Asks: 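Got a structure here, written out as structure tokens. Questions coming.
In what follows, every chain begins at residue 1, and chains take the letters A, B, ... in the order their sequences are listed. Worth saying up front: this structure is predicted, and the values here are computed from it rather than measured.
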There are 2 protein chains.
Amino acid sequence: MRLSDFELDVMQRFWREGACSAPEVHQAIAHARDVTYSTVKTVIDRLERKGALKRSRQEGRTILYEAVVSPDAVQQTMLERFVAHVFAGDRRPLLNHLLKDEQLTVEEYRYLERLLARHRSRHTSGVAEVAEVAEVESGDD
Amino acid sequence: MRLSDFELDVMQRFWREGACSAPEVHQAIAHARDVTYSTVKTVIDRLERKGALKRSRQEGRTILYEAVVSPDAVQQTMLERFVAHVFAGDRRPLLNHLLKDEQLTVEEYRYLERLLARHRSRHTSGVAEVAEVAEVESGDD
DNA sequence: GACCCACCTCTACAGTTGTCGACAATCTAC
DNA sequence: GTAGATTGTCGACAACTGTAGAGGTGGGTC
């Protein structure tokens, strides 16, 4: 599923909050950016037509929508396209950009170290995977 | 600098090859995709108008163009936009997508390990940076 | 039961993007 | 120097994107 910038911004709300109404999404976005209700509603309509959202239920006259596509699926697709065009398919410069100049926050950096630790263990012993996964997902230290 | 998918595909040629003519770019792209010369030339024209390409010299009637913007600058900008919209600003799910399910090739994985080794050394001792950098950039093993 | 507000529907519009054809200019090879 | 091929110029067009206004309508309030 290929989505535009604004469509992605809107989808983020649904991915985080679950079912939302158009006015709710508008208020949330209007917090950060100056945009009218009409604009937000139009994008929601388009997302519905694309099959990214569906009407889940109605409260009075207000329609509640919910995501049909998962963030993972969309992100995976978008990432592949991104790497293909921006980096000509080579992820090394992407990794370089991500790691250079303190681009990562401390949390992101720790997360990466854990992911790699898990990766290494998967490719050496192949055991203790459950524990590794749990450690990474919990995010504690 | 914000560039579209096709514009990026075209820029890749200039970043790799240096100065190129429109017919050259067309032939290179037509290898992989069925697209007319007109289409490629139109995109080159737009890149010129955007200031991403400039005419470097002429051979007979044929115009040679070259990149004005660096891949690094474009990639950095594009990456920021990408993370902001696709991942709501959090790079952790991006790292997760990159590392899961053998997405990385062996070379990319090794490259990442080296980048991280360098990163670690920068943040512990702070010495031997020159050697670390040289090791990463050379890419040998 | 009239009114106002919140919310929906529909239409519109300009800028971008991918795509190309028509036609003009020039070069090259006889 | 003339014809065919090459390359450039220009205009066009449909789909997508961000943006919004006009106007209808259900629903609660006094």
Asks: For B/I63 and A/D34, take the nucleotide of DNA chain D holding the closest heavy atom to each; which residue's nucleotide lies nearer the 5' end?
Replies: B/I63
Asks: Rounded to whole angstroms, how far apart are CZ on B/R55 and P on D/dT7?
Replies: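 So the two atoms are 15 Å apart, to the nearest Å.
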Asks: Are there more than 12 heavy atoms of other residues, nucleotides or ligands under 6.0 Å from atom NZ of B/K50?
Replies: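 Correct, the count exceeds 12.
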Asks: Rounding to a whole Å, what distance do you find between A/H26:NE2 and C/dT9:C1'?
Replies: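 For the pair A/H26 NE2 and C/dT9 C1', the rounded distance is 17 Å.
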Asks: With a 4.0 Å cut-off on heavy atoms, is B/T39 in touch with a base, just the backbone sugar-phosphate, or nothing at all?
Replies: base
Asks: Any salt bridge linking B/E108 with B/R110? Criterion: basic side-chain nitrogen under 4.0 Å from a carboxylate oxygen.
Replies: no
Asks: Is there, by distance only and without an angle test, a donor paired with an acceptor across the side chain of B/R46 and the base of C/dT16 below 3.5 Å?
Replies: no
Asks: It should be established whether A/K41 places a side-chain nitrogen or oxygen under 4.0 Å from OP1 or OP2 of nucleotide D/dG21.
Replies: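 No, outside the criterion.
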Asks: Nearest heavy-atom pair of B/L64 and B/E59: which atoms, and what distance?
Replies: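 Here B/L64 and B/E59 meet closest at CD1-OE2, 4.2 Å.
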Asks: Are OP1 or OP2 of C/dG18 and a side-chain N or O of B/S4 less than 4.0 angstrom apart?
Replies: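 Yes, within the criterion.
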Asks: Go through B/L99 and B/L104 one step at a time and tell me if the side chain to side chain contact (heavy atoms under 4.5 Å, CB included) criterion holds.
Replies: CA-CA 6 Å; B/L99 285 212; B/L104 294 186; 3.4 Å; yes
Asks: Which one, C/dC7, C/dG21, D/dT7, comes nearest to the side chain of B/S38?
Replies: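 Of C/dC7, C/dG21, D/dT7, C/dG21 is nearest to the side chain of B/S38.
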Asks: How close or far is atom C1' of D/dT17 from atom CZ of A/R33, stated in whole angstroms?
Replies: 12 Å
Asks: So if I take residues 64-79 of chain A and measure heavy-atom distances to DNA chain C, which residues fall below 4.0 Å?
Replies: none
Asks: Grab the CD-C1' distance between A/E48 and C/dC8 for me, whole Å please.
Replies: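 Roughly 12 Å, once rounded to whole Å.
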Asks: Of all the heavy-atom pairs spanning B/Y109 and A/R120, show the shortest one and how long it is.
Replies: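 Nearest pair, atom of B/Y109 first, then A/R120: OH-CG, 3.3 Å.
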Asks: Short question: side chain of A/W15, backbone of A/V10 - any donor-acceptor pair under 3.5 Å?
Replies: no
Asks: Please state how far atom CG in B/D5 lies from atom C1' in D/dT17, giving the value in whole angstrom units.
Replies: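 Interatomic distance, CG of B/D5 to C1' of D/dT17: 14 Å.
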Asks: Relative to the 5' end of DNA chain D, which residue comes earlier, B/S21 or A/V40, by the nucleotide with the nearest heavy atom?
Replies: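 Here B/S21 is the residue nearer the 5' end.
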Asks: Over how many whole Å does the gap from A/L3 atom CG to D/dT17 atom C1' extend?
Replies: 12 Å
Asks: Please tell me if A/T36 has a side-chain N or O lying less than 4.0 Å from either OP1 or OP2 of D/dA20.
Replies: yes
Asks: Hey, is the side chain of A/T42 pairing donor to acceptor with the base of D/dA20 inside 3.5 Å?
Replies: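 Flag set: donor-acceptor pair detected.
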Asks: Which nucleotide in the set C/dT17, D/dA20, C/dT9 lies at the smallest distance from any side-chain heavy atom of B/K50?
Replies: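 For the B/K50 side chain, the nearest candidate turns out to be C/dT17.
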Asks: Between B/R49 and B/D45, does any side-chain N to carboxylate O distance fall below 4.0 Å?
Replies: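 Result for this pair is no, no salt bridge flagged.
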Asks: What contact category does A/R49 fall into here, base, sugar-phosphate, or nothing, at under 4.0 angstrom with non-hydrogen atoms?
Replies: nothing
Asks: Rounded to the nearest angstrom, tell me the gap between atom CZ in A/R61 and atom P in C/dC8.
Replies: 7 Å
Asks: Select base, sugar-phosphate, or nothing to describe what A/D45 touches, counting heavy atoms under 4.0 Å on all strands.
Replies: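 Counting heavy atoms under 4.0 Å across all strands, no contact is made by A/D45.
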Asks: Whole Å only: how far is the OH atom of B/Y37 from the C1' atom of D/dT6?
Replies: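 Computing the B/Y37:OH to D/dT6:C1' distance gives 9 Å.
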Asks: Taking the six-membered ring for Trp and the single ring otherwise, decide whether the centroids of B/H85 and A/F6 are under 6.0 Å apart.
Replies: no
